[in-house]
Amino acid sequence: MKHTISLFVTLAAFWLFNSGHYNLLILSLGLVSIAFIIFIADKMDVVDQESQPLYLSRNIFGYYFWLIKEIIKANSTVVKHIWLGKKSISPALRRINISQETDMGKVIYANSITLTPGTVAIDLVEDEILVHALIAKDIDSLENGEMDRRVTLLEI
Amino acid sequence: MEILLSITSGLFLFIGSFLCISGGVGIIRFPDFYTRMHAAGVTDTLGSAMILTGLMFQSGDLLVFAKLVMVLLLILLVGPTTSHVLAKAAFHNGLLPQGLNTLSKSDDKEDTSSNT
Amino acid sequence: MLIAATLAIFVAMLLAIFRGIAGPTLYDRILAVNMFGTKTVLLISLLGFVMGRPEFLDIAIVYALINFISVIGVLRYSDTDQFKHRQSNDKPTEKEL
């Protein structure tokens with residue numbers, strides 16, 4: 001039930017911010033289309049914890065702040081190496097272990113690795129991620145496990 | 001207040017422009033596909049975030065602000081998915097990264113043999 | 001400053017086009033096309049502000065979605081033989097793009 005409500009709130013906010021016209025006809029059309037979408041999603045059996053991960057919302061905002069800080073740091077490193085030229089980079093490809101249990105945690109971790117420039121997650125098999133990095137030091141700091149620990153905290 | 005807003009917005013736009021041009025230069029300069037992907041990542045994440053944040057300071061309207069936030073969220077959610085799919089397709093079709101360190105090169109050979 | 005940022009985006013798009021034309025492998029070209037699409041979204045938003053018509057942002061949202069779908073759609077066929085990376089011949093794949 002709470003997943004259906006969350007889906008309704010998301011869709012309603014999306015409609016209200018996109019339309020900009022608030023008369024009765026448009027609003028009722030919006031309500032009808034939201035109801036239609038919820039009906040279809042219910043038929044497809046996708047309204048569940050996976051599509052509406054409400055349990056994440058306790059800790060996710062702190063994680064976002066930390067991730068933004070990391071993205072800014074990684075960006076400045078990559079931009080520095082772009083202007084220094086191809087002599088200064090040392091590409092590396094390595095498998096790293098991850099400690100998440102759930103699929104959601106693994107996907108969040110892999111996406112965070114890809115979102116920070118300088119490291120790209122190429123493949124995710126069982127509990128290992130294949131990472132390509134622009135600078136070999138970046139993989140070492142991933143193996144140190146700061147990001148891994150923070151993502152694991154999210155999934156409890 | 002007005003002046004302060006426009007100065008902040010101009011600063012954000014300037015940093016964003018610099019990052020986008022840097023990413024463009026990187027995509028030309030770097031030696032192989034995987035390293036170029038990191039350069040494209042710069043423009044996809046912080047470059048577009050800075051430019052859209054700069055525009056947010058000038059929006060002055062809740063609807064415009066919300067739409068800018070929507071574009072930003074869309075780019076940030078879609079970007080990693082696209083680059084991961086691209087990297088995975090390239091790796092599985094046999095395009096190997098060049099110029100790896102000697103230490104990780106042995107790793108890499110094991111990886112490909114076990115993978116394909 | 002808005003016009004300067006628009007010009008900077010133009011330069012970045014030009015560099016991406018260069019990589020798309022020169023790119024030795026198919027994947028370089030797809031990367032360049034993807035970057036070009038992201039830059040187009042930014043360009044549309046900036047032009048909306050330059051011309052004083054923020055309605056352009058709707059088009060920007062739609063363009064971001066189309067860009068995502070098209071790149072994923074091309075890569076959907078990456079299991080097929082034409083996507084195999086060969087060392088020798090450089091352009092087996094111009095038909096796809």
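Every chain is numbered from 1 and lettered A, B, ... according to where its sequence line falls, protein lines coming before strand lines. As the structure is a computational prediction, the values presented were derived from the model and not from experiment.
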Which bit of [X] comes within less than 4.5 Å of chain B, counting heavy atoms only: side chain, backbone, both or neither?
X: C/Leu46; value: both
X: C/Tyr27; value: both
X: C/Leu75; value: side chain
X: C/Asn34; value: side chain
X: C/Ile61; value: both

Self-check item: Under 4.5 Å from any heavy atom of chain C - which part of B/Leu52
Solution: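 Side chain of B/Leu52 only, per the 4.5 Å heavy-atom cut-off to chain C.
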
| query | Which answer fits B/Ile75, side chain, backbone, both or neither, if we ask what part of it has an atom under 4.5 Å from a heavy atom of chain C? | reply |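 For B/Ile75, the side chain is the part near chain C, not the backbone.
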
Practice problem: Take the angle between the ring planes of B/Tyr34 and B/Phe91 and call it parallel below 30°, perpendicular above 60°, tilted in between. | Solution: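 If you compare the ring of B/Tyr34 with that of B/Phe91, the planes turn out perpendicular.
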
Would you mind telling me which of C/Leu14, C/Asp58, C/Leu7 has the largest number of heavy-atom pairs within less than 4.5 Å of chain B?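 Counting heavy-atom pairs under 4.5 Å, the top option is C/Asp58.
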
- Item | Contact leader toward chain B among C/Ile72, C/Thr38, C/Asp28, C/Ile9, where contacts are heavy-atom pairs under 4.5 Å |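 Result: the option with the highest number of such pairs is C/Asp28.
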
Keeping [X] on the side-chain end and [Y] on the backbone end, is there a donor-acceptor pair under 3.5 Å?
X: C/Arg19; Y: B/Ile28; value: yes
X: C/Asn67; Y: C/Tyr63; value: no
X: B/Ser9; Y: B/Leu55; value: no

